[in-house]
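Working notes for the structure below.
Quick caveat, the model's predicted, so the values are computed rather than measured. We number each residue from 1, following the sequence as shown.
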Amino acid sequence: MSNRVQRIVFWCLFGSIIAMGSLLAFHRQHFRNSVVSLAEDAPLDAPTASTEPITLLLASDSDGTVTSTNRQIALPREATARVRSLLDHLNAEYALPGSAHPLPPGAMVDDVFLLPLPVVGHAQNNSANSSAPQNAGDNPPSTLVPSTDPDALQPQSPGGELAVVNLRSSFVNQHPSGVEVESLTLLSIIGTLHANVPQIEQVRFLVDGLPRETLAGHADLLRTYPSRDTSVAASPVSVK
């Protein structure tokens, strides 16, 4: 009888040890996942001490529009870090409960590269066609003859830039699929860049540093998009 009681006590204790070990392992993994998530979402560049007014172009799935909304946000000083932080704030708006355009939470972009757009074409001397007298030492007037290449990236103004937005695969892989929802996301990004960084005239997208055909099966990520005001009823972007 005593041996039977001892066996029961032994197995009860053994079961308790297994249960406690499993519980500790679960909490350890949960804590580790929380730390990793915080590390991924933490900005790499410290923001300025004070906030500044910015404009977010927020999409709405219900009526297919992109609307301008003002926010006060602290952003880093460095140009590419500012753009990356700006887009992560944009996605944070979409991750809020009740969002009109719900998207997966977390960081949207990994990197942003700002590249000066080349002046495509050649300068043509207009002195032969000009009837105005010129003083000695004056440079002859010239105009830029634009390239005939329809795919050439030509700046609209001096200092125009191309923004290469490197999206995270964790964001892209969880993005809802559909022509309108994907188009609204791209229009929201493009419009937000246009509103806050006017020197950005062209936008291209990568995913984890590599070209990708579509955002989630429809919106084209291989083309170069012109930066423009999208705070109107949204027309679809290029789709595959």
Side-chain angles (χ1 to χ4, degrees), residues 33-60 66-117 159-176 182 184-210 212 215-216 219 221 224-231 237:
N33 291 341
S34 299
V35 171
V36 170
S37 177
L38 288 173
E40 288 182 348
D41 293 342
L44 298 178
D45 304 270
T48 59
S50 58
T51 61
E52 58 185 278
I54 68 164
T55 302
L56 299 179
L57 275 293
L58 297 179
S60 172
V66 181
T67 306
S68 176
T69 304
N70 296 324
R71 294 284 187 269
Q72 287 283 337
I73 296 176
L75 295 174
R77 296 183 183 277
E78 197 273 325
T80 56
R82 286 175 64 85
V83 176
R84 187 175 71 244
S85 179
L86 183 68
L87 295 182
D88 283 336
H89 280 291
L90 176 67
N91 195 55
E93 293 274 343
Y94 291 136
L96 294 174
S99 168
H101 181 67
L103 293 180
M108 174 189 287
V109 300
D110 202 15
D111 305 287
V112 176
F113 306 97
L114 300 179
L115 307 175
L117 285 171
E161 293 180 331
L162 166 71
V164 181
V165 180
N166 185 24
L167 300 170
R168 292 192 177 194
S169 60
S170 57
F171 167 79
V172 173
N173 293 338
Q174 299 179 70
H175 193 284
E182 295 175 44
L184 286 173
T185 294
L186 294 191
L187 289 170
S188 175
I189 293 173
I190 293 167
T192 296
L193 293 179
H194 175 82
N196 296 279
V197 193
Q199 68 267 27
I200 294 178
E201 297 181 1
Q202 305 276 351
V203 183
R204 285 192 67 91
F205 294 94
L206 299 173
V207 178
D208 282 350
L210 298 172
R212 180 160 170 158
L215 180 58
L221 292 186
T224 299
Y225 288 95
S227 175
R228 63 186 189 277
D229 182 12
T230 59
S231 57
V237 300

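Of all heavy-atom pairs between P226 and I190, the closest is O-CG2, 3.6 Å. Across all non-hydrogen atoms, the minimal contact from S227 to V203 is CB-CG2, 4.4 Å. Counting all heavy atoms, side chain and backbone alike, F171 lies closest to P104 at O-CG, 3.9 Å. In this structure, S60 and L184 approach most closely via the heavy-atom pair O-CD1, 3.6 Å.
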**Request:** Test side chain to side chain contact (heavy atoms under 4.5 Å, CB included) on L167 and L215 and set out the steps.
**Result:** CA-CA 10 Å; L167 300 170; L215 180 58; 4.3 Å; yes
**Asked** For L58 and Y94, what are the C-alpha separation, side-chain angles and deciding distance, and is it a side chain to side chain contact (heavy atoms under 4.5 Å, CB included)?
**Response** CA-CA 8 Å; L58 297 179; Y94 291 136; 4.1 Å; yes
**Asked** When you look at L86 and L56, which way does the side chain to side chain contact (heavy atoms under 4.5 Å, CB included) test go after all the steps?
**Response** CA-CA 8 Å; L86 183 68; L56 299 179; 4.2 Å; yes
**Prompt:** Can you list the steps and then say if V165 with L193 is a side chain to side chain contact (heavy atoms under 4.5 Å, CB included)?
**Reply:** CA-CA 10 Å; V165 180; L193 293 179; 4.2 Å; yes
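Between the side chain of D208 and the backbone N or O of S169, at least one donor-acceptor pair lies under 3.5 Å. The backbone N or O of V164 lies less than 3.5 Å from no partner atom in the side chain of D111, so there is not a single donor-acceptor pair. Using modelled atom types, no side-chain atom of R82 and backbone atom of R77 make a donor-acceptor pair closer than 3.5 Å. Checking side-chain atoms of E182 against main-chain N and O of A216 turns up a donor-acceptor pair under 3.5 Å. At least one donor-acceptor pair closer than 3.5 Å links the side chain of N91 to the backbone N or O of G106. Judged purely by atom type and a 3.5 angstrom limit, T192 uses its side chain to pair as donor or acceptor with the backbone of S188. Between the D110 side chain and the N166 main chain, no donor and acceptor come within less than 3.5 Å of each other.
For T55, the side-chain contact (heavy atoms from CB on, under 4.5 Å) partners are L57, S68, N70, A195, N196, not counting sequence neighbours. When the side-chain hydrogen bond (donor to acceptor under 3.5 Å, both in side chains) test is applied to T185, the partners found at least two apart in sequence or on another chain are H101, H175. A search for side-chain hydrogen bond (donor to acceptor under 3.5 Å, both in side chains) contacts involving Y225 returns nothing, not counting sequence neighbours. Every side-chain contact (heavy atoms from CB on, under 4.5 Å) that V197 has, sequence neighbours left out, goes to V83, Q199, I200. Residues passing the side-chain hydrogen bond (donor to acceptor under 3.5 Å, both in side chains) test with T69: none are found, sequence neighbours excluded.
Applying the salt bridge (Lys or Arg N to Asp or Glu O under 4.0 Å) definition to pairs two or more places apart or across chains, those involving residues 89-105 are R71-E93.
Side-chain contact annotation: T80 with E78, donor-acceptor N/O pair under 3.5 Å present.
The CD atom of E161 sits 8.0 Å away from atom CG of L117, with the distance rounded to the nearest 0.5 Å. Here CG of L90 is found 11.0 Å from OG of S85. Values are rounded to the nearest 0.5 Å.
Looking only at side-chain heavy atoms (C-beta outward), T230 and H194 stay at 4.5 Å or farther from each other. Put simply, the side chain of L187 reaches to within 4.5 Å of the side chain of R228, judged on heavy atoms. Inter-residue side-chain proximity for I189 and V109 is flagged as unmet; no heavy-atom pair is nearer than 4.5 Å.
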